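Okay, so here's the structure we're looking at.
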Amino acid sequence: MTSIENNASQESILSWSSEEQHEKESGTKILLSQCFEDSPMHRDKIKDCEESIDLLQTTIRNIIKSANQAVTYAKDFSNCFNKISEELLNYEKKCYNKNESDILSTTLGHFGEILSEIERGRQILVITNLNDIFIEPLKKFSSDELDTYKQLRSDFYAADNSYLTVLDKFLSKKIKDDTGIQECAKDVSSAREDLHSKSLQYCNHLNNLQAKKKFEILENFISLTYSNYAFYHQGYEVFTDCEPSMRELTGKLIEVKTIFINIYKYNNNNNNNNNNNNNNNNNNNNNNNNNNNNNNNNNNNNNNNNNNNNNNNNNNNNNNMIYEENIKILIIYKL
């Protein structure tokens, strides 16, 4: 190999290295100059990019689906708390109209205002922004970039199949047969040019897509994160403002609850004492009744015994009288 050829070879290697370095620095992955060589390594790079973009496409599709569900659920959640807020405010208003305002109605009305303010922030910063700064940009990226990717990919592989078809037809021609060889050669050349053109468009779009996804997708997620941050910060400020009154109210509630518990215990003790006294009285009454019953029973028994004794005595007296009469009769009969 001559020195001229060595220099040309070194210059070619340097040019390829500088081009590759430039491609890497610009954030791309496929070397456009490789589109003309169409080497297996070039096809492997295309395949790697396609797998990465297909994964991104599936992920974006699932994210959009989940985000739409989140918007629906957030609307339902917000509507429920808006209804709770309306009920609390209506309760306060009705109590005020009936001149029955107390700490309960006033505090519930205050909580209703807090919930209403939070849900207004949720509607603007979460629900609306989730759709405007997250879902819609992802849909636009998917339609503008990914749909174009699908079309260019289809065109590229169609041109590749067409080129392989005419090339196979050209190679099937015999050298001795001159008929149609020139025409087939022109078809091969035209198909190769079309393949190179489609390959350049496709690879260029792949490079652009690989670069854009790094900032456009992240930009949407950062916007969503800032929106959530603003919403939660607003909620933090709302509850921070009402924290002193909440602490004061909590102290009063504990005090009132303690008084109520003490009164409840006192009433329970009194009730227990009264019940014990009643039970003692009932027991005494029962004992007295039992004693009276026992005394009455004893008296009755004694009376019965006396009556029995009297009856026995009477019977004995009667028997004696009969005996005496009989004696008298016998004496008189003997006499």
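Just so it is clear, the structure is predicted and the values come from calculations on it, not from any experiment.
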L56 and F141: side-chain contact (heavy atoms from CB on, under 4.5 Å), yes or no, with the steps? CA-CA 11 Å; L56 177 65; F141 178 82; 4.2 Å; yes
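- To the nearest 0.5 Å, the span separating CZ on F215 from CG on N220 amounts to 11.0 Å.
- Here K140 does not pair with E136 in a salt bridge; the nearest charged N to carboxylate O distance is not below 4.0 Å.
- Counting only heavy atoms from C-beta outward, the side chains of N129 and F231 never approach each other to under 4.5 Å.
- In this structure, S78 contributes its side chain and A74 its backbone to no donor-acceptor pair below 3.5 Å.
- When side chains are defined from C-beta on, L130 does not count as touching N228, because their heavy atoms never get closer than 4.5 Å.
- Side chain of N208 to backbone of N204: a donor-acceptor contact under 3.5 angstrom is found.
- Atom NZ of K65 sits about 7.5 Å away from atom CG of N62, to the nearest 0.5 Å.
- Taking each heavy atom of S199 and H42 in turn, the nearest pair found is OG-NE2, 4.0 Å.
- A distance of 12.5 Å separates NZ in K198 from CG in D160, rounded to the nearest 0.5 Å.
- The closest side-chain heavy-atom distance from C49 to Q210 is below 4.5 Å.
- At a threshold of 4.5 Å between side-chain heavy atoms, the hydrophobic network of Ile, Leu, Val, Met, Phe, Trp and Tyr places L89 and V238 in two separate groups.
- You'll find the side chain of P137 stays beyond 4.5 Å of the side chain of E216, heavy atoms only.
- No continuous path of ILVMFWY side-chain contacts below 4.5 Å connects Y73 to Y232, so the two sit in separate hydrophobic clusters.
- Checked for salt-bridge contact, R153 and D54 meet the test: a charged N lies under 4.0 Å from a carboxylate O.
- Between H110 and S245, the closest heavy-atom pair is NE2-OG, 4.4 Å.
- The distance from atom CD of E255 to atom CD1 of I259, rounded to the nearest 0.5 Å, is 5.0 Å.
- Ring-plane geometry between Y157 and Y202 is classed as perpendicular, the angle between the planes exceeding 60 degrees on a 0 to 90 degree scale with a lower cut at 30.
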Check against salt bridge (Lys or Arg N to Asp or Glu O under 4.0 Å), K83 and E87: CA-CA 6 Å; K83 290 180 181 179; E87 291 295 331; over 6 Å; no
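- A continuous path of ILVMFWY side-chain contacts below 4.5 Å connects L115 to L108, so both sit in one hydrophobic cluster.
- At distances below 3.5 Å, at least one donor-acceptor pair connects side-chain atoms of H205 with backbone N or O atoms of E145.
- No donor-acceptor pair under 3.5 Å is formed between the side chain of D194 and the backbone N or O of S190.
- Remark: I60 CD1 to K213 NZ distance equals 9.5 Å, nearest 0.5 Å.
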Step by step, would you call Q151 with D147 a side-chain contact (heavy atoms from CB on, under 4.5 Å)? CA-CA 6 Å; Q151 184 61 42; D147 289 351; over 6 Å; no
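- For the pair C203 and Q34, the minimum side-chain heavy-atom distance is 4.5 Å or more.
- A single hydrophobic cluster is not seen to contain both I64 and I222; linkage of ILVMFWY side chains at heavy-atom distances under 4.5 Å, directly or through other members, places them apart.
- For the side chain to side chain contact (heavy atoms under 4.5 Å, CB included) with Q201, the qualifying choice from D155, T148, L152 is L152, the only one to do so.
- Residues L88 and E92 form no side-chain contact, since every pair of their non-hydrogen atoms from C-beta on lies 4.5 Å or further apart.
- I133 is not connected to L138 by any chain of hydrophobic side-chain contacts under 4.5 Å among Ile, Leu, Val, Met, Phe, Trp and Tyr, and they are in different clusters.
- Proximity of a side-chain donor or acceptor of S223 to a complementary backbone N or O of E219 within less than 3.5 Å is detected.
- Between K75 and V71, the closest side-chain pair of non-hydrogen atoms falls below 4.5 Å.
- In the model, H233 has a side-chain atom that pairs as donor or acceptor with a side-chain atom of E237 under 3.5 Å.
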Before you tell me yes or no, could you show the steps for T58 and R61 under side-chain contact (heavy atoms from CB on, under 4.5 Å), namely the whole-Å CA-CA distance, both residues' side-chain angles and the distance that decides it to 0.1 Å? CA-CA 5 Å; T58 303; R61 184 170 59 251; 3.7 Å; yes
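- S154 places no side-chain N or O within donor-acceptor distance of the main-chain N or O of K150, the cut-off being under 3.5 Å.
- With T258 contributing its side chain and I254 its backbone, the two residues share a donor-acceptor pair below 3.5 Å.
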Starting from the C-alpha separation in whole Å, work towards a yes-or-no answer on ring-ring contact (aromatic ring centres under 6.0 Å, His included) for F77 and F81. CA-CA 6 Å; F77 182 83; F81 271 90; 4.8 Å; yes
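- Between the side chains of E86 and N82, no donor-acceptor pair is found at a separation under 3.5 Å.
- Interatomic distance, I63 CD1 to I217 CD1, rounded to the nearest 0.5 Å: 7.5 Å.
- When all heavy atoms are compared, the tightest approach of I53 to L206 is CD1-CD2, 3.3 Å.
- Using a 4.5 Å heavy-atom cutoff, the side chains of L195 and D38 are in contact.
- Closest approach of Q234 and L125 over heavy atoms only: OE1-CD1, 3.6 Å.
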Check the pair E119 / S85 against side-chain contact (heavy atoms from CB on, under 4.5 Å), numbers first and verdict last. CA-CA 9 Å; E119 294 311 315; S85 174; over 6 Å; no
